[in-house]
Colleague: 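My questions will all concern the structure given below.
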Amino acid sequence: MPITIKEITTLETYSVRHAVLRVGRPLEECAMDGDDLSTTFHLGAFDGDLHVGVATFLKSEAVDLPINFPAETTYYQLRGMGVVADHQGKGIGADIVTQGIHRLKELNIDILWFNARIKAVPFYERLGFTSYGEPFEVKNIGTHYKMYAAL
Ligand SMILES: CC(C)(COP(=O)(O)OP(=O)(O)OC[C@H]1O[C@@H](n2cnc3c(N)ncnc32)[C@H](O)[C@@H]1OP(=O)(O)O)[C@@H](O)C(=O)NCCC(=O)NCCS
């Protein structure tokens, strides 16, 4: 079945967020700050009718990056990126990020940044993102690195 990627609602993100990113945690923990802002968009990947991947893109204030960017630079943050276990390694995560970047470029966004789980850092590096700064711990989840790319 071909994979399709489309915009979804906040509530529609929860099934994959819960299965991949909040395993064994209460469903309420799937909520993320800014989920319902008008500037936020969520992408879902579907194998037929089966929802298999998710990512959320949030408008962001300027963040400190290893390179100085001009004051007018525009930023988005990627959050809640996940692909269900039996669909990982098939290019779906890369397709979601690529489609998100395509949309951000249409919105004239300059920088996409996020906090990446250490295990996912090589996935993002393959997509052209750079990690920076010191690793840090997120409670219940583990070690993360900050990453970004100029779009
Ligand atoms: C990380 C994740 C989103 C990647 O999605 P995916 O659909 O499995 O990744 P893709 O199949 O699109 O992989 C794209 C490329 O990255 C590579 N890759 C993916 N995950 C990787 C990993 N953990 N380590 C090294 N390489 C990885 C793939 O081999 C592929 O390489 P290629 O282009 O040379 O073939 C997914 O594995 C996942 O949901 N993991 C658990 C939750 C998680 O860590 N989310 C990220 C939170 S920051």
Side-chain angles (χ1 to χ4, degrees), residues 1-37 39-66 75-106 109-151:
M1 189 72 79
I3 301 295
T4 52
I5 295 173
K6 63 182 183 190
E7 193 162 347
I8 57 173
T9 65
T10 296
L11 273 183
E12 286 172 320
T13 65
Y14 280 24
S15 62
V16 177
R17 281 185 184 174
H18 196 246
V20 182
L21 301 167
R22 299 288 185 270
V23 180
R25 312 289 308 167
L27 199 60
E28 307 85 80
E29 288 188 18
C30 291
M32 295 182 181
D33 287 344
D35 263 344
D36 293 323
L37 294 175
T39 47
T40 298
F41 64 94
H42 309 281
L43 295 182
F46 292 81
D47 182 356
D49 290 336
L50 192 64
H51 186 193
V52 297
V54 74
T56 293
F57 298 83
L58 300 129
K59 193 164 173 51
S60 151
E61 299 297 319
V63 287
D64 277 336
L65 295 171
Y75 300 79
Y76 256 68
Q77 179 183 3
L78 171 64
R79 288 200 72 185
M81 170 86 229
V83 174
V84 296
D86 62 355
H87 279 69
Q88 290 176 8
K90 297 178 175 179
I92 297 171
D95 278 356
I96 296 172
V97 175
T98 302
Q99 291 222 15
I101 289 174
H102 179 74
R103 180 158 177 175
L104 292 172
K105 284 182 175 172
E106 287 176 348
I109 302 305
D110 300 310
I111 303 282
L112 180 61
W113 72 274
F114 48 88
N115 300 322
R117 295 178 182 203
I118 190 166
K119 262 186 77 174
V121 166
F123 161 73
Y124 293 118
E125 284 175 340
R126 275 180 165 81
L127 289 167
F129 293 90
T130 305
S131 62
Y132 62 99
E134 294 298 317
F136 59 97
E137 295 301 314
V138 175
K139 197 178 161 208
N140 292 330
I141 302 179
T143 306
H144 284 65
Y145 280 86
K146 290 198 172 297
M147 299 189 81
Y148 83 102
L151 304 181

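Read the numbers this way: they start at 1 and go in the same order the structure lists the ligands and their atoms. In this chain, residues are counted from 1 in sequence order. It should be emphasised that the depicted structure is a prediction, and the values quoted were computed from it without experimental measurement.
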Colleague: Any N/O of Arg117 closer than 3.5 Å to an N/O of ligand 1?
Modeller: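 Arg117 vs ligand 1: no N/O contact under 3.5 Å.
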
Colleague: Polar-atom distance check: Lys119 versus ligand 1, any N or O pair below 3.5 Å?
Modeller: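 Yes, at least one N or O pair falls under 3.5 Å.
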
Colleague: Tell me whether Ala120 has any N or O atom under 3.5 angstrom from an N or O of ligand 1.
Modeller: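 It does not: no N or O of Ala120 is found under 3.5 Å from an N or O of ligand 1.
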
Colleague: Considering distance alone, does some N or O of Gly93 sit under 3.5 Å from an N or O of ligand 1?
Modeller: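 N/O-N/O distance below 3.5 Å exists for this pair.
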
Colleague: In the protein, what heavy atom is nearest to atom 35 (O) of ligand 1, and what distance, to one decimal place, separates them?
Modeller: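 Result: Arg126 NE, 4.9 Å.
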
Colleague: Going by side chain to side chain contact (heavy atoms under 4.5 Å, CB included), name the residues that satisfy it together with Val138, two or more places apart in sequence or in a different chain.
Modeller: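 Phe136, Ile141, His144.
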
Colleague: Before signing off on this row, confirm whether Val20 and ligand 1 have an N or O atom pair separated by under 3.5 Å.
Modeller: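 Not met; the criterion fails.
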
Colleague: Just distances here: any N/O of Leu21 and N/O of ligand 1 closer than 3.5 Å?
Modeller: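 The answer is no, given that Leu21 and ligand 1 share no N or O pair closer than 3.5 Å.
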
Colleague: Looking only at N/O atoms, are Gly89 and ligand 1 under 3.5 Å apart anywhere?
Modeller: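 Checking ligand 1 against Gly89, an N or O pair does fall under 3.5 Å apart.
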
Colleague: For Tyr148 and Tyr132, take the angle between the two ring planes, folded into 0 to 90°, and tell me which bin it lands in: parallel under 30, tilted 30 to 60, perpendicular over 60.
Modeller: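 The arrangement is perpendicular - the two ring planes meet at more than 60°.
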
Colleague: Evaluate the ring planes of Phe41 and Tyr76, with Trp represented by its six-membered ring, and classify them as parallel (under 30°), tilted (30 to 60°) or perpendicular (over 60°).
Modeller: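 Tilted, since the angle between the ring planes falls between 30° and 60°.
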
Colleague: State whether the shortest distance between N or O atoms of Met81 and N or O atoms of ligand 1 falls below 3.5 angstrom.
Modeller: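 Min N/O separation from ligand 1 is below 3.5 Å for Met81.
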
Colleague: For ligand 1, find out whether one of its N or O atoms is nearer than 3.5 Å to an N or O atom of Tyr124.
Modeller: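 No.
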
Colleague: Within the protein, is there a heavy atom lying under 4.0 Å from atom 26 (N) of ligand 1?
Modeller: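 Given the 4.0 Å cut-off, atom 26 (N) of ligand 1 counts as touching protein heavy atoms.
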
Colleague: If you look at every heavy atom in Leu151 and Lys105, which pair is closest and at what distance?
Modeller: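 Closest heavy-atom pair between Leu151 and Lys105: C-CE, 3.8 Å.
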
